[in-house]
Amino acid sequence: MENKIKEESINKLLLDLFNNSYNEYFAISNIKKLLDENGFICLLENEKYEISLGKSYYILRDGSSIIAFKVPEKLDELYFKIVASHSDSPVLKIKENPTIIENGYNKLKVEKYGGMIVSSWLDKPLGIAGRVCYKNGNAITTRLVNFPTNLIIPNVAIHQNRDINNGFIYNPQTDLLPILGLGNNDLFKELLDSTKNNEEEILSYDLNLYNKEKAVLGGINNEFIYSPKEDNLVSAYISILSLISSISYDGISLGVVFNNEEVGSSSLNGADSDFLATNLKRISKSLGFSNDELSRALVKSYLVSLDNAHAIHPNHPEMSDNKNNCLINEGVVIKHNSNMLYTSEAISSAIIKLIASKENISLQTFFNRADARGGSTLGNISLTHVSIRSVDLGIPQLAMHSNYEVMGSKDTINAYKLLRALFNSKIKIEGENVTII
């Protein structure tokens with residue numbers, strides 16, 4: 001199964017995956033399909049784990065997060081090589097009882113999820129997708145749905161709002177209502193009802209709007225990738241693709257994709273849940289290791305928190321630190337923050353630098369301007385549950401949290417090569433001393 005995924009096919013594969021990732025539920029469904037096709041075995045959290053040497057497994061939680069891992073054929077010493085990412089992106093989520101009919105327009109009430117660039121959602125073709133729960137007798141079933149319709153959130157014409165180019169503030173309660181159609185019928189209810197089978201009743205749903213513009217290569221030499229949800233689907237997909245193509249020589253290679261990073265990670269399957277910690281315990285126990293052996297293994301383990309980074313902006317270079325600015329297609333970024341919003345420190349950075357140098361992979365360094373507050377990610381939250389030496393990495397991008405983002409087509413390949421090299425490496429951590437083979 002190893003090395004089926006060729007470096008030259010990564011971007012084509014990513015474009016196909018992006019174009020079928022309407023939200024986190026579809027993204028995790030796509031990852032599950034990739035794992036199934038490559039011989040990974042599904043483990044259910046409500047059943048006893050039976051894990052064997054030389055095999056690969058995955059664990060789903062709530063349809064929007066996943067852990068996938070490979071066990072080597074020989075495991076003399078337990079430790080983990082982990083890459084953590086997230087499946088969610090800023091979106092507009094549809095409320096219950098959402099229909100508003102005014103002046104002949106059928107509109108929907110929505111709610112902001114995450115820190116989006118609001119203006120990027122207007123005047124674009126939008127779709128509706130997510131999961132719906134159905135009642136059939138005493139049973140509840142859940143299905144993914146993607147409605148075959150286009151919506152739009154129209155701006156007010158400049159003739160009626162002369163201040164729109166002077167920093168207009170959009171009110172999500174009034175300005176972000178998408179138009180579903182015209183008429184006095186509840187068109188949204190009709191859409192929902194069209195997904196039912198004969199005896200079913202709709203109980204609830206998790207539905208969001210998404211940008212229907214396709215992911216494409218851009219730039220005169222195809223040096224860019226333009227797509228919705230690059231933050232952080234690119235990290236989720238590349239971590240799993242590199243895991244699939246790696247050869248598990250030593251230690252357990254593991255990729256975890258959390259949900260809800262964009263809203264603080266406090267959820268059933270976010271980085272602030274027990275999803276990773278509990279399953280590390282269960283994996284080690286199934287392989288015959290004690291709790292004490294697991295505790296010792298975590299001290300010897302290594303975690304990459306993989307989320308995107310800010311590239312220097314072509315029109316506003318002053319917004320980046322002039323000694324640590326990051327260029328598109330010039331390498332994966334090590335992200336630093338002295339207040340530990342990122343987990344990188346000297347030793348964890350040195351480990352990934354050594355792995356990269358062995359593969360001739362370029363790296364860049366990111367710091368925020370000292371007078372600006374940057375964002376954080378899932379790494380430091382994960383470490384409050386599982387204390388592992390960790391580094392924060394990311395692919396540099398433009399327009400983070402826009403409805404349509406930009407990154408480099410070489411950076412995706414370099415990130416894939418770097419993570420595959422990490423999973424293929426033998427890492428021996430003994431306090432502050434590290435050996436990598």
Side-chain angles (χ1 to χ4, degrees), residues 14 17-32 34 58-68 83-95 110-118 120-121 126-132 142 144-146 172 176 205-212 215 227-240 255-276 304-309 341 375-382 385 392-395 397 399-405 407:
L14 285 174
L17 290 167
F18 291 159
N19 285 328
N20 290 284
S21 298
Y22 317 116
N23 54 34
E24 58 269 34
Y25 303 106
F26 281 88
I28 295 301
S29 177
N30 292 336
I31 288 173
K32 178 184 182 301
L34 284 170
Y58 66 88
I59 304 157
L60 288 165
R61 185 179 283 189
D62 197 42
S64 56
S65 65
I66 197 165
I67 289 172
V83 178
S85 59
H86 64 90
S87 61
D88 60 318
S89 302
V91 293
L92 292 171
K93 295 210 169 189
I94 298 174
K95 297 180 177 181
V110 296
E111 191 172 32
K112 289 186 350 182
Y113 173 93
M116 64 179 61
I117 299 177
V118 173
S120 67
W121 282 83
L126 303 175
I128 302 175
R131 63 179 180 180
V132 180
T142 304
L144 298 185
V145 297
N146 177 34
L176 299 185
Y205 54 78
D206 292 310
L207 296 172
N208 62 266
L209 304 182
Y210 69 92
N211 187 350
K212 297 192 80 169
S227 176
K229 303 181 189 303
E230 288 180 354
D231 175 23
N232 188 31
L233 287 184
V234 64
S235 300
Y237 282 132
I238 285 180
S239 65
I240 297 301
V256 55
V257 183
F258 294 109
N259 192 10
N260 302 125
E261 188 275 344
E262 299 293 357
V263 291
S265 295
S266 297
S267 65
L268 174 71
N269 50 353
D272 204 13
S273 72
D274 70 342
F275 186 44
L276 179 60
V304 170
S305 169
L306 190 67
D307 203 347
N308 286 7
L341 293 175
S376 61
T377 185
L378 53 89
N380 58 354
I381 297 172
S382 299
H385 297 271
D392 266 274
L393 302 181
I395 290 175
Q397 71 164 103
M400 187 180 291
H401 287 198
S402 172
N403 204 349
Y404 208 64
E405 299 168 317
M407 63 185 175

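Of all heavy-atom pairs spanning Gly115 and His401, the tightest one is O-ND1, 2.7 Å. In this structure, Val91 and Met116 approach most closely via the heavy-atom pair O-CE, 2.9 Å. Taking all atoms of both residues into account, the shortest heavy-atom contact from Gly264 to Ile381 is O-CD1, 3.8 Å. Smallest separation of non-hydrogen atoms from Asn403 and Ser120: N-OG, 2.9 Å. The two residues Gly63 and Ile28 have their closest heavy-atom pair at O-CB, 3.6 Å. A pairwise comparison of heavy atoms in Asp392 and Ser305 identifies OD1-OG, 2.9 Å as the closest pair.
Applying the side chain to side chain contact (heavy atoms under 4.5 Å, CB included) criterion to Ala399, with sequence neighbours excluded, gives Ser402. Ala27 pairs by the side chain to side chain contact (heavy atoms under 4.5 Å, CB included) definition with Ser21, Leu233, Tyr237, not counting sequence neighbours. Remark: Asp206 engages Arg131 in a salt bridge (charged side-chain N to carboxylate O under 4.0 Å, His left out) (not counting sequence neighbours).
Using a 4.5 Å cut-off on side-chain heavy atoms (C-beta onward), Lys229 and Asn211 make no contact. Between Leu34 and Leu17 there is a side-chain heavy-atom pair separated by less than 4.5 Å. In this structure the side chain of Val145 reaches within 4.5 angstrom of the side chain of Leu207, judged on heavy atoms. Ile59 is not listed as a side-chain neighbour of Ile66, based on a closest heavy-atom distance of 4.5 Å or more. Side-chain contact check for Leu176 versus Leu92: some heavy-atom pair is nearer than 4.5 Å. Between Asn30 and Asn20, some side-chain heavy-atom pair lies under the 4.5 Å cut-off. Looking only at side-chain heavy atoms (C-beta outward), Leu60 and Ile67 stay at 4.5 Å or farther from each other. Within the 4.5 Å cutoff, the side chain of Val256 has heavy atoms near those of the Phe275 side chain.
Side chains of Asn260 and Ser267: a donor on one and an acceptor on the other come within 3.5 Å. With 3.5 Å as the limit, one finds no donor-acceptor pair spanning the side chains of His385 and Asp274. Side-chain contact annotation: Tyr113 with Asn23, donor-acceptor N/O pair under 3.5 Å absent.
Between Tyr210 and the choices Tyr22, Trp121, Phe26, Tyr25, the ring-ring contact (aromatic ring centres under 6.0 Å, His included) rule is met once, by Tyr22. A side chain to side chain contact (heavy atoms under 4.5 Å, CB included) with Ile395 holds for exactly one of Ile238, Asn232, Asp231; it is Ile238.
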inquiry  = Between Asn259 and Ser65, does the side-chain hydrogen bond (donor to acceptor under 3.5 Å, both in side chains) criterion hold? Intermediate values first, please.
reply    = CA-CA 6 Å; Asn259 192 10; Ser65 65; over 6 Å; no
task = Would you check, one step at a time, whether the test salt bridge (charged side-chain N to carboxylate O under 4.0 Å, His left out) holds for Glu24 with Lys93?
result = CA-CA 12 Å; Glu24 58 269 34; Lys93 295 210 169 189; 3.7 Å; yes
message = One pair to check against side-chain contact (heavy atoms from CB on, under 4.5 Å): Asp307 and Glu261. What are the steps and the verdict?
response = CA-CA 10 Å; Asp307 203 347; Glu261 188 275 344; 3.7 Å; yes
task = Evaluate the criterion side-chain contact (heavy atoms from CB on, under 4.5 Å) for residue pair Ile94 and Asn208; output intermediate values, then yes/no.
result = CA-CA 5 Å; Ile94 298 174; Asn208 62 266; 6.0 Å; no
request  = Evaluate side-chain contact (heavy atoms from CB on, under 4.5 Å) for Tyr58 paired with Ile31, printing each intermediate quantity in order.
outcome  = CA-CA 10 Å; Tyr58 66 88; Ile31 288 173; over 6 Å; no
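Separating the NE2 atom in His86 from the OG atom in Ser64 is a distance of 13.0 Å, to the nearest 0.5 Å. Rounding to the nearest 0.5 Å gives a distance of 4.5 Å between CG of Asn308 and OG of Ser235.
No donor-acceptor pair under 3.5 Å is formed between the side chain of Ser227 and the backbone N or O of Ala215.
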